[in-house]
Amino acid sequence: MDILAHLGPFSLYDALALAFILLTWLVTGWLSENPPASRPSVSLLMEDYRREWMHAFVTRQPRIFDATVIESLRQGTAFFASASLIAIGGGLAMISNVGSVTDLTGALSVEANPSAVPLKVLVVVAFLSNALLKFVWSNRLFGYCSVMMAAVPNDPDHSHAYARAAQAAEINITAARSFNRGLRSIYFALAALGWLLGPIGLAVATLASGTVLMRREFASHSRAVILQRLPD
């Protein structure tokens with residue numbers, strides 16, 4: 001059986017490049033959230049700071065600063081959700097106007113099969129759709145977090161004060177995790193655009209996106225700063 005006969009407008013290299021971007025997306029996400037114990041990621045390190053934030057929140061008076069931070073986080077998720085929605089609309093417009101995309105790839109001296117272009121753009125739209133869902137859920141979770149923070153008693157000696165703050169911290173961490181997943185999907189949506197340049201373009205763009213993500217999680221200057229703990 002000739003496998004190429006079942007790939008339609010795509011070559012075997014296209015299929016391999018598509019599998020590569022999906023695998024890289026899954027692996028980078030898993031490594032970011034489940035790093036080796038000897039080398040924690042930025043995402044994991046920030047979870048401890050979020051717990052420390054909620055611990056300090058109990059005794060902070062007034063708590064306006066904390067409310068402002070939560071609101072800024074919600075605004076960030078709302079911005080990226082809106083941007084993703086607009087980008088999805090642009091991707092669907094590209095699918096409905098294949099001619100202009102084919103002309104662009106032709107201008108770049110790339111051989112483009114017109115019947116393959118909509119499917120390639122659809123992969124970009126799929127990543128953007130996943131990002132949109134993650135950002136919307138993150139926004140809602142930050143809303144839950146703000147409500148739970150409001151439920152923390154003003155009296156630090158209250159028996160429920162630190163327990164409520166700990167609950168708020170875990171919701172905060174879950175919201176941030178969803179936000180990070182949305183950002184990763186945007187990275188790989190940009191990488192998926194490389195497919196318009198062919199399977200090699202997709203593979204190179206995927207490798208670049210994965211490298212940037214891993215460097216920022218495990219070898220960035222910001223990670224070195226986050227690792228600096230103050231003496232007790």
Side-chain angles (χ1 to χ4, degrees), residues 25-84 127 129-188 213-220 222-232:
W25 172 54
L26 293 173
V27 169
T28 54
W30 189 88
L31 285 176
S32 297
E33 297 177 7
N34 303 275
S38 60
R39 193 169 186 83
S41 63
V42 170
S43 298
L44 192 65
L45 290 171
M46 287 304 298
E47 291 184 5
D48 291 334
Y49 280 95
R50 293 176 189 277
R51 293 187 179 98
E52 289 183 16
W53 170 21
M54 290 297 109
H55 191 272
F57 163 76
V58 175
T59 57
R60 187 165 17 243
Q61 296 296 340
R63 296 172 175 174
I64 297 175
F65 169 79
D66 306 278
T68 302
V69 174
I70 282 292
E71 183 58 28
S72 68
L73 292 174
R74 293 199 73 188
Q75 288 177 357
T77 59
F79 168 79
F80 278 104
S82 299
S84 298
F127 276 116
S129 299
N130 182 72
L132 173 62
L133 294 174
K134 298 301 181 184
F135 290 137
V136 170
W137 181 234
S138 178
N139 183 278
R140 190 170 185 179
L141 285 174
F142 278 126
Y144 292 162
C145 180
S146 64
V147 172
M148 296 189 73
M149 289 169 65
V152 175
N154 287 328
D155 182 7
D157 295 325
H158 193 285
S159 59
H160 292 168
Y162 284 99
R164 288 290 185 214
Q167 288 178 303
E170 295 307 312
I171 295 296
N172 194 306
I173 288 170
T174 305
R177 187 179 299 126
S178 185
F179 181 75
N180 290 335
R181 289 173 179 174
L183 288 179
R184 279 196 297 273
S185 290
I186 287 183
Y187 272 89
F188 285 102
L213 282 169
M214 290 295 93
R215 188 195 69 81
R216 292 180 176 178
E217 286 286 350
F218 296 100
S220 61
S222 57
R223 179 182 180 277
V225 174
I226 293 170
L227 277 171
Q228 295 176 3
R229 289 292 185 174
L230 300 176
D232 295 332

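This is a predicted model, so every value here is computed, not measured.
The shortest non-hydrogen separation linking L132 to A81 is CD1-O, 3.3 Å. When all heavy atoms are compared, the tightest approach of V152 to A161 is CG1-O, 3.6 Å. For the pair F218 and P35, the tightest heavy-atom approach, listed with the atom from each and the gap, is CE2-CB, 3.6 Å. Closest approach of I171 to C145, counting heavy atoms only: CG2-N, 3.8 Å. Taking every heavy atom of both residues into account, S32 and T28 meet most closely at OG-O, 2.8 Å. Nearest heavy-atom pair across V42 and I226 is CG1-CD1, 3.8 Å.
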Practice prompt. Please assess E71 against T68 for the test side-chain contact (heavy atoms from CB on, under 4.5 Å), listing each intermediate value before the final yes or no.
Written response: CA-CA 5 Å; E71 183 58 28; T68 302; 5.7 Å; no
Worksheet item: Does the pair W25 and S185 meet the rule for a side-chain contact (heavy atoms from CB on, under 4.5 Å), with working shown?
Response: CA-CA 8 Å; W25 172 54; S185 290; 3.7 Å; yes
Worksheet item: Run the side-chain contact (heavy atoms from CB on, under 4.5 Å) check on R223 and R39 step by step: do they pass?
Response: CA-CA 11 Å; R223 179 182 180 277; R39 193 169 186 83; 3.3 Å; yes
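Taking the six-membered ring for Trp and thresholds of 30 and 60 degrees, W137 and Y144 have ring planes more than 60 degrees apart, a perpendicular arrangement.
Taking the side-chain hydrogen bond (donor to acceptor under 3.5 Å, both in side chains) definition, one finds that S84 meets it with nothing, sequence neighbours left out. Q61 meets the side-chain contact (heavy atoms from CB on, under 4.5 Å) test with R63, N154; sequence neighbours excluded. The salt bridge (Lys or Arg N to Asp or Glu O under 4.0 Å) test applied to E33 returns R181, R184, not counting sequence neighbours. Scanning for side-chain hydrogen bond (donor to acceptor under 3.5 Å, both in side chains) contacts around T77 gives N139, with sequence neighbours left out. Scored by the side-chain hydrogen bond (donor to acceptor under 3.5 Å, both in side chains) test, S220 finds S222 as partners (sequence neighbours excluded).
For the atom pair CZ (F188) and CG (L183), the distance works out to 12.0 Å, reported to the nearest 0.5 Å. Here the straight-line distance linking atom CG of L31 with atom OG of S41 works out to 9.0 Å at 0.5 Å rounding. In this structure, CG on L141 lies 10.0 Å from CZ on R177, to the nearest 0.5 angstrom. One distance of note links CD of E47 with CD of E52; it measures 12.5 Å at 0.5 Å rounding. A distance of 9.5 Å separates CZ of F79 from CZ of F135, quoted to the nearest 0.5 Å. Interatomic distance, S43 OG to R216 CZ, rounded to the nearest 0.5 Å: 12.5 Å.
Counting heavy atoms of neighbouring residues, nucleotides and ligands inside a 6.0 Å radius, atom CG of L227 exceeds 12 of them. More than 12 heavy atoms of other residues, nucleotides or ligands lie within 6.0 Å of CZ in R60, so this atom counts as buried by the packing criterion.
No side-chain donor-acceptor contact under 3.5 Å links S178 to the backbone of A175. No donor-acceptor pair under 3.5 Å is formed between the side chain of R164 and the backbone N or O of P153. Remark: the backbone N or O of A176 is not paired with any side-chain donor or acceptor of S138 at under 3.5 angstrom.
Every pair passing ring pair (Phe, Tyr, Trp, His ring centres under 6.0 Å) that includes a residue from residues 29-66 is listed here, sequence neighbours excluded: H55-Y162.
Between N172 and F142 the shortest side-chain heavy-atom distance falls below 4.5 Å. Between M54 and M149, the closest side-chain pair of non-hydrogen atoms falls below 4.5 Å.
The existence of a salt bridge linking E170 and R51 is confirmed by a sub-4.0 Å separation between a basic side-chain nitrogen and an acidic carboxylate oxygen.
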